[in-house]
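Worksheet for the structure shown next.
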2 protein chains.
Amino acid sequence: MSPSDDNLPSYRLDPQVGFLLRRANQRHLALFARGIPDLTSTQFAALAKLCELGQATQNALGRATAMDAATIKGVIDRLRKRDLVDAAPDPEDQRRRTLTPTAEGRALYARLVPAAHEITAATLEPLDEDERATFLRLLEKLT
Amino acid sequence: MSPSDDNLPSYRLDPQVGFLLRRANQRHLALFARGIPDLTSTQFAALAKLCELGQATQNALGRATAMDAATIKGVIDRLRKRDLVDAAPDPEDQRRRTLTPTAEGRALYARLVPAAHEITAATLEPLDEDERATFLRLLEKLT
DNA sequence: CAAAATCCGTTTGTATACTAACAATAATCC
DNA sequence: GGATTATTGTTAGTATACAAACGGATTTTG
C-alpha cells in the first residue's frame with residue numbers, strides 16, 4: 001500500500017453517464033419549452049404518436065411512448081381537457097378506451113411539427129453531421 | 001406537386017433525440033433504483049457532490065448538481081430527515097445554510113460508491129469500449 | 001366449465017423538476 | 001448613505017414518473 005492509499009472512495013459525479021444523461025435531457029426540455037410553449041414534450045409525444053397511429057387504447061399509447069399506465073392517464077386527461085384527444089369506449093373490450101386525436105388535435109400537431117424538427121436540430125446543434133449520426137446510433141443502443 | 005404530396009406532416013416520434021434521451025434516462029434510472037435502493041439517483045448525486053466538496057451552501061450545491069433552488073430544497077430536506085446531511089446557519093451570511101455530510105452520510109456514500117460504479121457500467125453495457133468513450137464525449141457536448 | 005392468471009384503467013403516495021412569487025439579507029451604485 | 005439590484009432560501013402550483021394496490025373485464029389453463 002502506498003502512503004496515499006487511503007479508504008476515500010474514488011468517485012466523481014460530473015463524468016458519470018447518469019448525470020450527463022440527466023443534464024442533456026434538461027437542456028433538451030428547456031429547448032422544447034421554448035420552441036413549443038403550447039404543450040409539454042410528453043404531451044406532444046403522446047399527441048404525435050396518436051396522430052401517427054390514427055388511434056390507440058390508452059395503455060397501448062403509453063407503451064408506444066414509454067409512459068406507464070399512471071403517467072399516460074394524466075397526460076391524456078390534460079389533452080382531453082383541451083379537446084385535443086377524444087376517448088370512446090371500445091365495444092369489443094369493455095376495459096378499453098379508444099383514443100383518437102380530434103380535428104383540433106391533428107391541426108395543432110401539424111402546425112407544431114416544424115417547430116419540433118427545429119427543437120431536434122437545436123438539441124443536436126453542438127455536434128457536426130457525423131457526430132449526430134454516431135450519437136443517435138449509440139444512444140439508441142442505450143434505450 | 002406529385003400526387004402523393006399531401007399536407008401530412010412528416011414526423012416520427014421514435015427516432016427523435018428527445019424521445020431517445022428520455023428513454024435512455026428511464027433505463028438508467030431503473031438500473032439505479034435496482035442497484036441502490038437506499039437513495040434516489042438525485043439524492044445520491046447531492047450526497048456524492050457534497051462529500052466531494054466537503055461542504056456547500058444549499059443553492060450552490062444545487063448548481064453543482066444541476067438542480068434549481070426549489071428542487072435541491074426537497075432533496076436536502078429528505079437527506080436531512082435521514083441524518084445524512086447537516087445544515088448549519090452561516091455566520092457570515094444570514095441567508096445561507098451551510099450543508100455538511102454527517103458521519104453517517106459519508107459512511108453511506110463510501111459504502112455505495114462501488115454500486116454506483118456498477119450502475120454506470122450497467123448503463124453503458126450495450127456499448128463496447130470505443131463506443132463508450134465516443135458516446136460520453138458527444139453526450140458531454142449536449143450538456 | 002371453473003379457477004387462475006392476465007390485462008385495463010384508476011387511485012394514492014412519493015420524488016423529481018420547473019415557474020413564479022415572496023421575505024430577508026447582501027452587494028452595488030450613484 | 002440611501003435607493004436599487006441581486007442573491008438565498010421558501011412556498012405554491014403544475015407536470016412528469018414510478019410503485020403499489022384496486023375492481024372489473026378478458027384470457028388462459030387445468
Side-chain angles (χ1 to χ4, degrees), chain A residues 18-19 21-34 36-47 56-82 84-85 87-99, chain B residues 18-19 21-34 36-47 56-82 84-85 87-99:
Chain A
F19 187 56
L21 276 174
R22 178 164 144 270
R23 285 171 53 209
N25 203 39
Q26 281 178 338
R27 174 170 164 277
H28 167 73
L29 290 177
L31 290 170
F32 194 100
R34 197 138 61 91
I36 301 187
D38 310 70
L39 295 174
T40 66
S41 91
T42 331
Q43 289 166 7
F44 181 78
L47 179 60
T57 64
Q58 186 169 290
N59 283 4
L61 183 61
R63 283 190 291 272
T65 53
M67 304 179 209
D68 76 357
T71 301
I72 192 70
K73 184 197 185 299
V75 174
I76 292 301
D77 283 351
R78 282 164 223 121
L79 292 176
R80 290 218 306 149
K81 192 182 294 182
R82 293 176 55 180
L84 299 173
V85 163
D90 183 334
E92 295 186 1
D93 188 335
Q94 312 209 268
R95 297 170 303 180
R96 290 181 170 149
R97 301 171 63 183
T98 300
L99 306 178
Chain B
F19 187 56
L21 276 174
R22 179 163 143 269
R23 286 170 54 207
N25 203 40
Q26 280 178 338
R27 173 170 165 276
H28 167 73
L29 291 176
L31 290 170
F32 193 100
R34 197 138 61 91
I36 299 186
D38 311 69
L39 295 173
T40 66
S41 89
T42 331
Q43 289 167 8
F44 180 77
L47 179 61
T57 63
Q58 186 169 290
N59 283 3
L61 183 60
R63 275 179 236 115
T65 53
M67 304 179 208
D68 74 358
T71 300
I72 193 69
K73 183 196 187 298
V75 173
I76 293 301
D77 283 351
R78 281 165 222 121
L79 291 176
R80 291 219 305 149
K81 193 182 296 183
R82 293 176 56 180
L84 300 173
V85 164
D90 183 335
E92 295 187 1
D93 188 334
Q94 312 207 265
R95 297 168 302 180
R96 288 182 170 151
R97 303 169 63 182
T98 300
L99 306 178

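FYI, side chains are in, hydrogens and waters are out, and symmetry mates aren't considered; it's all heavy atoms of this structure. Order of the sequence lines fixes the chain letters, A, B, ..., with proteins taken first and strands second; residue numbering starts at 1 for each chain.
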Would you mind reading off the distance between [X] atom [atom1] and [N] atom [atom2], rounded to a whole angstrom?
X        : N       : atom1 : atom2 : result
Asp90(B) : dT25(C) : CG    : C1'   : 12 Å
Leu29(A) : dA17(D) : CG    : C1'   : 13 Å
Phe32(A) : dC18(C) : CZ    : P     : 16 Å
Met67(B) : dT8(D)  : CE    : P     : 17 Å
Asn25(A) : dA17(C) : CG    : P     : 9 Å
Leu79(B) : dT16(C) : CG    : C1'   : 13 Å
Lys73(B) : dA15(C) : NZ    : C1'   : 14 Å
Phe44(B) : dA15(C) : CZ    : P     : 18 Å

When all nucleic acid strands are considered with a 4.0 Å heavy-atom cut-off, which category describes [X]: base, sugar-phosphate, or nothing?
X        : value
Arg78(A) : base
Asp68(A) : base
Ser41(B) : nothing
Thr42(B) : sugar-phosphate

Next on the checklist: Using the side-chain heavy atoms of Ala70(A), tell me which of these nucleotides is nearest: dA19(D), dG9(D), dA12(D).
Outcome noted: dA19(D)
Using a cut-off of strictly less than 4.0 Å, decide whether [X] has a side-chain nitrogen or oxygen near OP1 or OP2 of [N].
X        : N       : value
Arg34(B) : dA19(D) : no
Thr40(B) : dT16(C) : yes
Arg96(A) : dT26(D) : no
Gln94(B) : dG9(D)  : no
Gln26(B) : dT16(D) : no

Item to check | Between CG on residue Leu61(A) and OG1 on residue Thr98(A), distance to nearest 0.5 Å | outcome: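 Answer for the CG-OG1 pair, Leu61(A) versus Thr98(A), is 11.5 Å.
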Next on the checklist: Is it the case that the base of dT25(C) and the side chain of Arg95(B) share a donor-acceptor contact (distance under 3.5 Å, atom types as modelled)?
Outcome noted: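 Yes, the side chain and the base share a sub-3.5 Å donor-acceptor pair.
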Checklist entry - Quick one: on DNA chain D, does Pro91(A) or Val75(A) contact a more 5' nucleotide (nearest heavy atom)? => result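 The residue closer to the strand's 5' end, by nearest nucleotide, is Val75(A).
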Item to check | side-chain contact (heavy atoms from CB on, under 4.5 Å) between Val75(B) and Thr40(B), intermediate numbers included | outcome: CA-CA 9 Å; Val75(B) 173; Thr40(B) 66; over 6 Å; no
Which atom of [X] lies closest to which atom of [Y], heavy atoms considered:
X        : Y        : value
Ala66(A) : Arg22(B) : O-NH2, 3.0 Å
Ala24(A) : Leu21(B) : O-CD1, 4.0 Å
Met67(A) : Ile72(A) : SD-CD1, 3.7 Å

Checklist entry - More 5' along DNA chain C: Asn59(A) or Arg22(A), using each one's nearest nucleotide? => result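 The residue mapped nearer the 5' terminus is Asn59(A).
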Item to check | Asp77(B) vs Lys81(B), salt bridge (Lys or Arg N to Asp or Glu O under 4.0 Å): CA-CA, chis, key distance, verdict | outcome: CA-CA 6 Å; Asp77(B) 283 351; Lys81(B) 193 182 296 183; over 6 Å; no
